[in-house]
Amino acid sequence: MENKIIQGKTIKQWEEQFPLINKIVSTEEVLWVNPKHEEFEETVKNISLKEEDVRDAERRLKRFAPYIAKVFPETQKTKGIIESPVVKIPDMQNKMEDIFNEKILGQLLLKCDNQLAISGSIKARGGIYEVLKHAEALAAQNDMLNERDDYSIIDSYKFREFFSKYSIAVASTGNLGLSIGIMSAKLGFKVYVHMSADARQWKKDLLRSKGVTVIEYKEDYSKAIVEARKQSSLDPKMYFVDDENSTNLFLGYAVAAYRLKNQLEKINVAIDENHPLFVYLPCGVGGGPGGVAFGLKLVFKDNIHCFFAEPTHSPCMLLGLMTGLHNKICVQDFGIDGVTEADGLAVSRPSGFVGKTLENLMSGCYTVEDEKLYMLLKTMIDSENISLEPSALAGVSGPAQLFKNEAGRNYIEDNNLKDKMNNSYHIAWATGGSMVPKDVMESYYKRGKNILDKKSADN
Ligand SMILES: *Cc1c(COP(=O)(O)O)cnc(C)c1O
């Protein structure tokens with residue numbers, strides 16, 4: 001391992017350049033502040049995606065809303081717009097101060113993407129958007145649909161029969177497959193979901209029950225995506241949803257930002273220079289959290305501070321951003337196993353597209369141990385009665401890590417935020433959970449309880 005060359009340097013040489021790598025390789029929790037973080041107005045000029053692209057995605061989702069409301073009746077109360085609430089979680093904030101033995105200044109909120117309709121995770125944003133965009137393009141090319149139509153006409157034999165001549169492929173650790181699979185099958189497409197070893201059984205079962213073809217691998221996500229890409233390259237009527245490079249997924253996620261701004265206004269949360277907002281986003285390959293962060297930066301500019309959260313055993317985005325090597329490296333190159341209970345985050349190689357797009361916009365990244373995820377999972381149920389899947393808790397530990405960690409305190413100081421922290425807001429992005437079967441959730445809860453009991457016995 002010591003003599004292994006990673007992009008021209010040994011691990012030791014990488015550690016000399018980036019001392020934090022030592023801790024990352026030992027799978028200790030870290031918080032890294034991005035030295036390339038720059039002012040928004042300067043940075044955004046160099047990014048090819050623009051606000052207009054996000055607005056275009058927002059309009060497309062509006063066009064599809066009558067169809068969504070018709071085929072997914074649970075979205076009728078929001079008129080076919082798939083959106084989640086944002087809530088203050090003061091009881092959780094108090095309990096976290098006990099668990100981490102750290103005061104959290106400002107107010108903690110939770111963005112409840114665990115409650116998103118149709119697929120119960122953040123993937124109901126980007127994943128569904130990309131399938132809808134593809135369906136719209138196919139139908140328009142065949143003169144079956146134009147933008148002024150009421151899209152509820154898509155719920156018909158004619159459209160399903162048309163889409164059944166086409167297929168869609170995707171690779172997933174679970175949730176992206178759920179979202180792409182459910183939406184594509186509803187439209188009438190043939191769907192192939194290539195699942196990595198991390199994917200939970202119930203997710204595969206659910207997809208098969210909807211007529212989706214699930215292909216399983218003993219390997220991790222990197223293998224599944226190679227195979228999915230290969231399959232679709234052989235079939236001109238097959239569309240590949242490319243989680244590592246897709247701007248469509250990214251833009252679908254980014255739409256969340258405008259909606260969040262409206263939601264915050266409704267609960268009298270105004271973000272400005274004296275009321276900064278910190279957002280903590282669980283990160284796998286980067287598309288979901290990256291798209292959301294991009295949208296949020298467009299809306300809140302320098303008044304928002306975005307952090308990616310990753311498991312200590314698969315900190316791929318952190319390593320990619322820190323070294324600037326992005327998708328040229330994977331965690332195994334550094335001797336990290338990539339094995340984590342946070343199945344949604346079990347990704348070894350980050351998206352190069354996302355890393356490069358956001359390299360001057362992200363404030364930093366931090367890592368969380370799996371045990372903490374379970375402790376927080378149990379505490380969230382006890383304090384707020386909100387059930388999240390383990391991956392979704394990675395964002396929740398963010399504020400505690402920010403205040404506890406020296407790098408975090410320096411970030412606050414260096415950005416002249418110290419005297420504003422009492423007025424700050426912290427949003428943990430809860431990325432999934434509502435589709436987890438009850439017995440599985442109970443086993444997660446017990447796991448958290450055991451860890452907490454053991455911890456208090458040790459003290
Ligand atoms: C997919 C997922 C993420 C991360 O999204 P990426 O686009 O892979 O970075 C976070 N949490 C959950 C629950 C997910 O399913």
Side-chain angles (χ1 to χ4, degrees), residues 84 110-116 118-130 170-181 193 195-196 198-200 203 220-222 224-225 241-254 256 279-295 306-311 314-318 320-321 326-327 338 340-355 357-358 362 365 368 373 376-377 387-396 398 428-436 440-441 444:
S84 71
L110 193 71
K111 179 62 175 161
C112 302
D113 274 9
N114 55 302
Q115 289 181 35
L116 282 179
I118 303 174
S119 71
S121 82
I122 188 170
K123 305 299 191 307
R125 300 182 183 279
I128 287 177
Y129 173 73
E130 176 145 8
V170 66
S172 174
T173 61
N175 284 339
L176 184 63
L178 272 189
S179 146
I180 301 281
V193 176
M195 287 284 205
S196 67
D198 310 280
R200 303 282 158 124
K203 293 181 183 176
D220 77 356
Y221 178 75
S222 309
I225 197 164
V241 178
D242 185 350
D243 200 14
E244 288 178 333
N245 299 295
S246 169
T247 51
N248 290 326
L249 281 176
F250 190 83
L251 292 170
Y253 289 118
V279 176
Y280 309 92
L281 298 144
C283 182
V285 70
V292 169
F294 177 69
C306 299
F307 289 84
F308 284 144
E310 296 184 295
S314 74
C316 65
M317 186 58 82
L318 166 57
L321 283 172
H326 302 295
N327 55 331
T340 168
E341 300 276 329
D343 50 329
L345 313 180
V347 176
S348 300
R349 187 181 297 278
S351 159
F353 151 65
V354 172
T357 302
L358 295 176
M362 294 305 295
C365 299
V368 197
L373 302 178
L376 293 168
L377 184 149
S387 302
L388 304 178
E389 62 184 274
S391 299
L393 277 306
V396 177
W429 212 278
T431 45
S434 68
M435 308 254 304
V436 177
V440 177
M441 189 57 79
Y444 291 160

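Start at 1 and go down the list; that is how both ligands and their atoms are numbered. Just so it is clear, the model here is predicted, and its values are computed rather than measured. In what follows, every heavy atom counts, from backbone to side chain, and hydrogens, waters and symmetry copies are set aside.
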query: Can you list the residues that meet the salt bridge (charged side-chain N to carboxylate O under 4.0 Å, His left out) rule with D198, with sequence neighbours excluded?
result: none
field: Donor-acceptor contact below 3.5 Å, side chain E310 vs main chain M317
entry: yes
- prompt: Taking the inter-plane angle between the rings of F250 and F294 on a 0 to 90° scale, is it parallel (under 30°), tilted (30 to 60°) or perpendicular (over 60°)?
  reply: tilted
query: Who pairs with Y129 by side-chain hydrogen bond (donor to acceptor under 3.5 Å, both in side chains), at least two apart in sequence or on another chain?
result: R60
task: Identify the heavy atoms of G320 and P350 that sit nearest to each other, and give their distance.
output: CA-CG, 4.4 Å
Short N or O separations between ligand 1 and the protein, below 3.5 Å:
unit_1	atom_1	unit_2	atom_2	d
ligand 1	7 (O)	G287	N	3.3
ligand 1	7 (O)	G288	N	2.7
ligand 1	8 (O)	V285	N	3.1
ligand 1	9 (O)	G284	N	2.8
ligand 1	9 (O)	V285	N	3.2
ligand 1	9 (O)	G286	N	2.7
ligand 1	11 (N)	T431	OG1	2.7
ligand 1	15 (O)	K123	NZ	2.7
ligand 1	15 (O)	N175	ND2	2.6

task: Applying salt bridge (charged side-chain N to carboxylate O under 4.0 Å, His left out), name anything that partners D243, two or more places apart in sequence or on another chain.
output: none
